[in-house]
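Residue numbers run from 1 in the order of the sequence given.
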Amino acid sequence: MTVQNVLVSAGELSGDLYARRMVEALRRRWAEEVHFWGMGGPEMAAAGVEVVVPMADLQVHGVIEVLPNLFRLFRAFRRLIEEAERRRPAWALLVDFQDFHLRLARELKRRGVRVIQMVGPTVWAWRPGRVQALRKVLDKLLVIFPFEEAIFREAGIDADYIGHPLLDLVRVSIGRAEFMAQQGWAPDTKVIGLLPGSRPTEVRRLLPIMLESVRSLRASRDVQPFVVRAATIAEAIVRSMAATHGLPDLPIVSGPAKYDWMANADLLIVASGTATMEAMLVRTPMIVVYKLHPLNWWIARRFVRVRYASMVNILAGEMVVPELLQDACTPTAVARLAFELLDRPDRRRRIVERYLDVINGLGCLHAFEEGPRVIEEAVRRWT
């Protein structure tokens, strides 16, 4: 099989990582027959993708946050279309970043480019009408939750469940005793991880709340906090916020090492999003928090059709982990819940037991084995 070039596009941190792993897996199957290029970040670049449009500064969330960034989004969109017209890719792999990629897929289809989307939009949570547009522009959809395959197939979209990528990406290499010894912390110290998100707006809203709640905890407990910093957030920003809240020496971790820290924490305080899945996979109890711009919250309250914010609770069909959203997300409320969970090992144990049920429900497929197989089958049909 000879494929001249393939457009790959990701606009967010998780998508950049998923795209990297998919490209690497495809290269192993196809050797050097494919040249990948497109929009992405450092992960895709590390996999040898020619990044013609850097994804930096494109991570926005909600109506209000999008508006000031429309010019950057439009410029990235136009550059990808111009490059597609010039390079004439055999097909495109678009990873998450739903609204941007729906429009991109529409333009690519008009130019005769086959489109594969990895990660389905949450039409089961809100804006179900998107399936009509997706059916017109997608040639293949790779979904990462088991229940999604039937939803999209019933809507006439060629969808395949490939397994959740994080099942292959989350790895823990050290146990609690060794971890605590390495850090020089007493064995009975309560370790609390703070995961404020990967978008600057999330971090600005959530990290101060998390830090203030930790200050309350430390007033009466031997508590050691740390922050998991996304690659999209400058360490100086996190360090400045920590110092402002009286925690100048707060450990800040990032990269794959974060999983050892998360797995050996007693509790995680996590921004709703991909990180809640990571917390579940390392089997650490968590409190899920989130705050939106008031207008975005007003829209969400009226159009979102699911009861829970975190994917863990959605998959479980019940409130496995507590959620503190919008006005309920305050330092006092977070600290109160943290006290309760730290003092209730039985409740923490129950959370982990339900985690295992949810993980088992994800099945045994490996996304970066099943995904390339499905892609290869589709491409062979098209050539």
Side-chain angles (χ1 to χ4, degrees), residues 1-12 14-56 58 72-121 133-144 157-160 162 165 367-368 370-383:
M1 178 177 63
T2 301
V3 179
Q4 294 301 316
N5 68 84
V6 173
L7 189 164
V8 184
S9 180
E12 297 179 294
S14 59
D16 187 36
L17 180 57
Y18 296 171
R20 171 185 179 166
R21 291 294 296 268
M22 194 62 76
V23 164
E24 290 173 340
L26 288 169
R27 283 195 192 283
R28 287 194 292 271
R29 297 178 77 96
W30 295 341
E32 297 302 320
E33 295 174 338
V34 185
H35 175 68
F36 295 98
W37 62 274
M39 180 173 78
E43 296 288 347
M44 285 170 58
V49 177
E50 181 190 355
V51 177
V52 298
V53 180
M55 72 176 201
L58 295 183
R72 282 200 296 270
L73 289 163
F74 179 75
R75 184 171 57 188
F77 182 86
R78 285 309 313 164
R79 178 74 192 283
L80 284 173
I81 294 300
E82 290 167 2
E83 288 294 316
E85 290 175 341
R86 183 174 71 85
R87 298 176 185 239
R88 300 182 64 82
W91 49 278
L93 174 63
L94 313 181
V95 184
D96 210 350
F97 208 43
Q98 302 296 340
D99 290 325
F100 183 96
H101 281 154
L102 177 57
R103 290 166 175 79
L104 180 61
R106 186 180 297 122
E107 294 301 318
L108 291 173
K109 288 295 288 184
R110 288 174 179 167
R111 290 158 175 81
V113 179
R114 299 276 192 173
V115 178
I116 300 173
Q117 171 86 25
M118 179 181 177
V119 183
L134 290 169
R135 186 171 57 235
K136 296 176 182 177
V137 300
L138 295 186
D139 296 282
K140 174 65 74 173
L141 176 61
L142 311 180
V143 296
I144 62 174
I157 296 169
D158 186 5
D160 286 86
I162 61 169
F368 303 110
E370 186 69 7
R373 184 192 67 76
V374 171
I375 290 172
E376 186 172 39
E377 285 184 359
V379 173
R380 287 189 184 280
R381 290 198 304 269
W382 303 335
T383 55

Heavy atoms, side chains only, cut-off 4.5 Å: are K109 and K136 in contact?
-> no

Taking everything shown except R88 itself, do over 12 heavy atoms lie less than 6.0 Å from its CZ?
-> no

Minimum heavy-atom separation for A84 to W37, with atom names?
-> N-CH2, 3.6 Å

Taking R21 for its side chain and L17 for its backbone only, find out whether a donor-acceptor pair lies under 3.5 Å.
-> no

Do you know which two heavy atoms are closest between L142 and K140, and how far apart they sit?
-> CD2-CG, 3.9 Å

One should read off an interatomic distance between I157 CD1 and Q117 CD, to the nearest 0.5 angstrom, of 10.0 Å

Output for pair (S14 OG, I144 CD1), nearest 0.5 Å, gives 8.0 Å

To the nearest 0.5 Å, tell me how far D139 CG sits from R114 CZ.
-> 5.0 Å

Salt-bridge contact E376-R373 (side-chain N to carboxylate O under 4.0 Å) = no

Which pair of non-hydrogen atoms, one from V95 and one from A19, has the smallest distance, and what is that distance?
-> CG2-CB, 4.0 Å

CZ of F368 to CD of E24, rounded to nearest 0.5 Å, is 9.0 Å

Quick one: sort the H101 and F97 rings into parallel, tilted or perpendicular, breaks at 30° and 60°.
-> perpendicular

Can you tell me how far CG of L80 sits from CZ of F100, rounded to the nearest 0.5 angstrom?
-> 5.5 Å

So, do L26 and I375 sit near enough that their side-chain heavy atoms are less than 4.5 Å apart?
-> yes

Taking the side chain as every heavy atom from C-beta outward, state whether I81 and L104 have any pair of such atoms under 4.5 Å apart.
-> yes

Hey, could you give me the CZ/CD distance between R380 and E377, rounded to the nearest 0.5 Å?
-> 9.5 Å

Which atom pair, heavy atoms only, marks the closest approach of Q98 to D96?
-> NE2-OD1, 2.9 Å

Show your reasoning for whether side chain to side chain contact (heavy atoms under 4.5 Å, CB included) applies to R106 and R103.
-> CA-CA 5 Å; R106 186 180 297 122; R103 290 166 175 79; 3.9 Å; yes

Test side chain to side chain contact (heavy atoms under 4.5 Å, CB included) on L108 and V137 and set out the steps.
-> CA-CA 8 Å; L108 291 173; V137 300; over 6 Å; no

E107 to F77 - nearest heavy-atom pair and separation = CG-CZ, 3.6 Å

So which heavy atom on M22 is nearest to which on I162, and how close?
-> CE-CD1, 4.2 Å

Between I116, D158, V115, which is the residue that forms a side chain to side chain contact (heavy atoms under 4.5 Å, CB included) with L138?
-> V115

Side chain proximity check, R28 to P372, heavy atoms < 4.5 angstrom = no

Any side-chain heavy atom of N5 sitting closer than 4.5 Å to one from P89?
-> yes

Could you list the donor-acceptor pairs under 3.5 angstrom formed by side chains in residues 38-50, with sequence neighbours left out?
residue: E43; atom: OE1; partner: R20; partner atom: NH1; Å: 2.8
residue: E50; atom: OE1; partner: H35; partner atom: NE2; Å: 2.8
residue: E50; atom: OE1; partner: R87; partner atom: NH1; Å: 2.9
residue: E50; atom: OE2; partner: R87; partner atom: NH2; Å: 2.9

